[in-house]
Asker: 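Here it is: the structure, laid out below.
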2 protein chains.
Amino acid sequence: MAAQTRERILDTSLAAFGLRGYDSTSLDELAAELGITKQAILYHFSSKEHLLTATIELAVKELGSALGGASKSQARGFQRIEDLVRATFSLAARRPEVLGLVRLVSRQGGSASGALASAMSAMLGDAVRFVEREMVAGRFRRLEPRMLLLAVYSAVIGVATEPEVMRALGLEPDLRSLVKARRETIEFLRAALIAD
Amino acid sequence: MAAQTRERILDTSLAAFGLRGYDSTSLDELAAELGITKQAILYHFSSKEHLLTATIELAVKELGSALGGASKSQARGFQRIEDLVRATFSLAARRPEVLGLVRLVSRQGGSASGALASAMSAMLGDAVRFVEREMVAGRFRRLEPRMLLLAVYSAVIGVATEPEVMRALGLEPDLRSLVKARRETIEFLRAALIAD
DNA sequence: TCTTAGACTTACCATTTGGTAAGTTATCTG
DNA sequence: CAGATAACTTACCAAATGGTAAGTCTAAGA
């Protein structure tokens, strides 16, 4: 039961921080959820901020293993974008808290966010180069690559993690709707990216 | 100094809740920022939750007056979308906290969010009908209207309110970049929406 | 001038929060 | 078996938090 506790804490923290937020989650709540005492958490992570740092590291790993395949694929043109969007939606359905934490950190910045920030920087850098190549090759419409990616990133993350807005639109955020949202997002991006 | 205090509290709360979040903002901080005591806040708003409700109401008003013109315009086709996006970016530059609060509420939901939720519901309902008409008229590409709007909403709000991601892309979130982002977002949406 | 009401402030308070200190228990090692 | 070490728990604690109660000051009305 020993070495597992650390991972259980990280798992629970990821869910709590990613879905409810950092300040909204107290160590006491986390401990109660885990059936241990708060001090057990502080034994493994010397402060709440260190716990956040470690949680972010876990999220970076999960993000890497979920999107790594698609982002490093050798697919060309729109197929590669489609792979990435599919992988992102799959992650949003399986572990919404991971994308929630990405959003949280990307908004707040903060000192603990170094790992995620640099991981994202790397992924976005690759993406920029990929998009530029495709534009040069004439497979993508010519737009400013970084702004384009920001729009694509925002659209995908937003669609995948904005259940309340879906409700406001009269859509239930269940699995079927998510599948539909994925399909429509891909069509939307295809239309935006591919020059006729 | 009397009647103004209430509005000053609301202004400061809007900035704090919208940019830092609800749980991350304490009444003591707000009071210190305003140069009054916490109890002065509680005199005007009987609890922190009531303050949030009133703050949301203010945000709804600001949102309405900022986007109302564009959203009720009689412009047709893509021009109307462009007007709306311009108005949104203008709001993002002038009062980022308003969109921040919209995002916060649209994520967390909660009991206090009724006003904003219904305001957004109404705006989105109008938007759905507008998009449907334009599709029928053949001016917009045929996509699922609600999903399309979710993607558009996410892209615009994301681009307008995601400074950390802009930094990760190597863009400084200053006014010039925001103008550029607006132009690129409009081009992106034009490409996605208009069938050739 | 006396009173009343509004707009606060000073003084508290119970609870929650992140964190420390000092045990306790089990396992592993010499 | 002795003792060290890892993995906790029990017992605290100071600061911060949302909120209550009572007092103060000022301006307006009777």
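Here is the naming used below: chain letters follow the sequence lines, and residue numbers restart at 1 for every chain.
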Asker: Decide yes or no on side-chain contact (heavy atoms from CB on, under 4.5 Å) for B:R190 and B:E187, but give the supporting numbers first.
Answerer: CA-CA 5 Å; B:R190 190 196 304 278; B:E187 285 316 303; 3.6 Å; yes

Asker: Whole angstrom is fine here: how far is it from OH in A:Y43 over to P in D:dT9?
Answerer: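 Interatomic distance, OH of A:Y43 to P of D:dT9: 12 Å.
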
Asker: Is there a side-chain polar atom (N or O) of A:S26 under 4.0 Å from OP1 or OP2 of C:dT17?
Answerer: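 Checking C:dT17 against A:S26, a side-chain N or O does come within under 4.0 Å of OP1 or OP2.
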
Asker: Does the D:dG18 base have a donor-acceptor partner in the side chain of B:K38 within less than 3.5 Å?
Answerer: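 Flag set: donor-acceptor pair detected.
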
Asker: The side chain of A:K48 lies closest to which of these nucleotides: D:dG18, D:dT9, C:dG19?
Answerer: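 My answer, after comparing the listed nucleotides, is C:dG19.
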
Asker: Mind calculating the distance between CZ (B:R6) and C1' (C:dG6) to the nearest angstrom?
Answerer: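 That distance rounds to 14 Å.
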
Asker: What nucleotide among D:dG19, D:dA11, C:dG18 has an atom nearest to a side-chain atom of A:Q39?
Answerer: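 Minimum distance to the A:Q39 side chain belongs to D:dA11.
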
Asker: Would you say a side-chain N or O of A:H44 is under 4.0 Å from OP1 or OP2 of D:dC8?
Answerer: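 Result: yes.
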
Asker: Hey, what do you get for CD (A:Q79) to CZ (A:R86), rounding to the nearest 0.5 Å?
Answerer: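 It comes to 8.0 Å.
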
Asker: Can you tell me if A:T5 touches the phosphate of D:dC8, counting only side-chain N or O atoms and a distance under 4.0 Å to OP1 or OP2?
Answerer: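 Yes, within the criterion.
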
Asker: Would you mind reading off the distance between B:L27 atom CG and D:dA15 atom P, rounded to a whole angstrom?
Answerer: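 For the pair B:L27 CG and D:dA15 P, the rounded distance is 21 Å.
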
Asker: Quick one: closest heavy-atom pair of B:V102 and B:M120, and the distance?
Answerer: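 So the two residues come closest at CG1-SD, 3.8 Å.
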
Asker: Please give, in whole Å, the distance from C:dT17 P to A:L42 CG?
Answerer: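 My rounded result for the distance is 13 Å.
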
Asker: Does CZ in B:R76 sit with more than 12 non-hydrogen atoms of other residues, nucleotides or ligands closer than 6.0 Å?
Answerer: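 Not more than 12 within 6.0 Å, no.
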
Asker: Taking atom C1' of D:dG19 as reference, at what distance in whole Å does atom CG of B:L30 sit?
Answerer: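 The answer, rounded to whole Å, is 15 Å.
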
Asker: At their closest point, which heavy atom of B:I41 faces which heavy atom of B:A31, and how far apart are they?
Answerer: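 In this case the closest contact between B:I41 and B:A31 is CD1-N, 3.7 Å.
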
Asker: Could you tell me how far apart A:D23 (CG) and D:dT17 (P) are, to the nearest whole angstrom?
Answerer: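 About 10 Å, once rounded to whole Å.
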
Asker: Taking CG from A:D28 and C1' from D:dA16, how many angstroms apart are they, rounded to a whole number?
Answerer: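 Distance, rounded to whole Å: 14 Å.
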
Asker: Please give, in whole Å, the distance from C:dG18 C1' to A:Y22 OH?
Answerer: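 Atom-to-atom, A:Y22 to C:dG18, this comes out as 9 Å.
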
